[in-house]
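Positions are given from 1, in the same order as the sequence printed here. Remember, predicted model here, so these are calculated numbers, not experimental data. The basis for the numbers below is simple: all heavy atoms, side chains too, and nothing from hydrogens, waters or symmetry mates.
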Amino acid sequence: MARLLQVNFARLWKTKTFWICLVLAAGLSIASFFSMYSMRPIYAENIGSALISNGSSVVLLSSILTGLYLGTDYSNGTIRNKLTVGRTRIEIYFANLITTAAAGVILLASTWISVGAVGLCVGGKLGMPAEKLALDIAVCICAMTALSAIFTVIGMLLSSKSTIVTLTIIAALGMMMSGRMILSALAEPEFVSSVSVDEDGNIAVDGQEPNPMYVSGIQRDVITVVNDVLPSGQLVQVEMGSVHNEELMPLYSLGVLAVSTVVGALVFRKKDLK
């Protein structure tokens, strides 16, 4: 396993896509910070929130990097070569998982370092308790690791490089969009103001009435749990500053990581690599 990891990381450092994604992650986070700072200079008063607001872009970059990295293993025949020299399929799977998960966390870290550096340069302040920021970062790391596990399942069970890249990107976009949609649905108020307009065009607020878009009952409980368990939902909640059951989120991510890894590894053991 140690030798496989050494080879994997050596190849990762030499991969142009990794460095391109790293630069893009840092650049996009800096651009986002300055965009907000130019509109509201007070934004620098809370660089803690800015640090953890770039999860969505990193997930997409991670999906592209993982798809290309694992797809190249198949297109170049690297996996068969590893088996030929005596490595087991389980070793290969876990080595690839560790490599892709580490790459995703490194991309995240590049955004934290970049935003932290530019924030300090403009006189920014943390703006939140250090313990809260540490928990947010822990949630992001665990969620990214779980997402990398999902991308690894796709990358290890398919053989076509183009198909792997396409599906990992679709999975990333689908999960992040679903997380935003769920959070938006949960944010709908239970009641909305009833407004009427008279003949002169004057607007009057008549009172409150039930919001037909409000999600209630068992349906609300179910989608809340789903949003908490999905790593993409966790990242969106942290990003938007609307976190539910944050202390449990790392455990949920570890559960997703475990399930996806077990399923992926078991299926990969039976995969025909010829």
TODO: Measure the spacing between CE of M177 and CD1 of I170 and express it to the nearest 0.5 Å.
DONE: 11.5 Å

Task: Straight-line distance of T99 OG1 to L65 CG, nearest 0.5 Å - done: 10.5 Å

TODO: Would you sort out whether V215 and E188 count as a side-chain contact (heavy atoms from CB on, under 4.5 Å), showing the intermediate values?
DONE: CA-CA 8 Å; V215 181; E188 287 285 344; over 6 Å; no

Same cluster for [X] and [Y] if Ile/Leu/Val/Met/Phe/Trp/Tyr side chains link at under 4.5 Å?
X: F268; Y: V262; value: no
X: M181; Y: V243; value: no
X: V222; Y: Y252; value: no

- [ ] Give the C-alpha distance, both sets of side-chain angles, the deciding distance and a yes or no for salt bridge (Lys or Arg N to Asp or Glu O under 4.0 Å) between R180 and E239.
- [x] CA-CA 10 Å; R180 290 185 180 278; E239 198 173 302; 2.6 Å; yes

Check whether [X] reaches the backbone of [Y] with its side chain - one donor and one acceptor, N or O, closer than 3.5 Å.
X: Q234; Y: D228; result: yes
X: R269; Y: I90; result: no
X: R87; Y: I92; result: no
X: S32; Y: S29; result: no
X: N46; Y: S49; result: yes

TODO: Check whether the side chains of T100 and T66 place a donor and an acceptor atom closer than 3.5 Å, and report yes or no.
DONE: no

Does some side-chain heavy atom of [Y] sit less than 4.5 Å from a side-chain heavy atom of [X]?
X: T261; Y: L97; answer: yes
X: Y69; Y: N8; answer: yes
X: I150; Y: M175; answer: yes
X: S62; Y: L147; answer: no
X: S56; Y: L235; answer: no
X: L28; Y: V58; answer: no
X: L4; Y: K82; answer: yes
X: V59; Y: S232; answer: no

Quick one: closest heavy-atom pair of [X] and [Y], and the distance?
X: T168; Y: F151; answer: O-CE2, 3.8 Å
X: L51; Y: L133; answer: CD1-CD2, 3.9 Å
X: A149; Y: L257; answer: CB-CD1, 3.5 Å
X: M144; Y: V105; answer: CG-N, 4.0 Å
X: C140; Y: W112; answer: CB-CZ2, 4.1 Å
X: S110; Y: A26; answer: OG-N, 3.9 Å

Open item on the list: Just to verify, what does K132 make a salt bridge (charged side-chain N to carboxylate O under 4.0 Å, His left out) with, not counting sequence neighbours?
Closed with: D136, E246

Expected list for residues 12-21: side-chain donor-acceptor pairs under 3.5 angstrom, two or more places apart:
unit_1 : atom_1 : unit_2 : atom_2 : d
W13    : NE1    : F9     : O      : 3.4
T15    : OG1    : R11    : O      : 2.6
W19    : NE1    : W13    : O      : 2.5

Task: Salt bridge R3-E91, side-chain N to carboxylate O under 4.0 Å - done: no

Task: Trace of the side-chain contact (heavy atoms from CB on, under 4.5 Å) decision for Y93 with V153 - done: CA-CA 9 Å; Y93 190 97; V153 172; 3.3 Å; yes

- [ ] Might you confirm whether atom CE of M128 has over 12 heavy atoms from other residues, nucleotides or ligands at distances under 6.0 Å?
- [x] yes

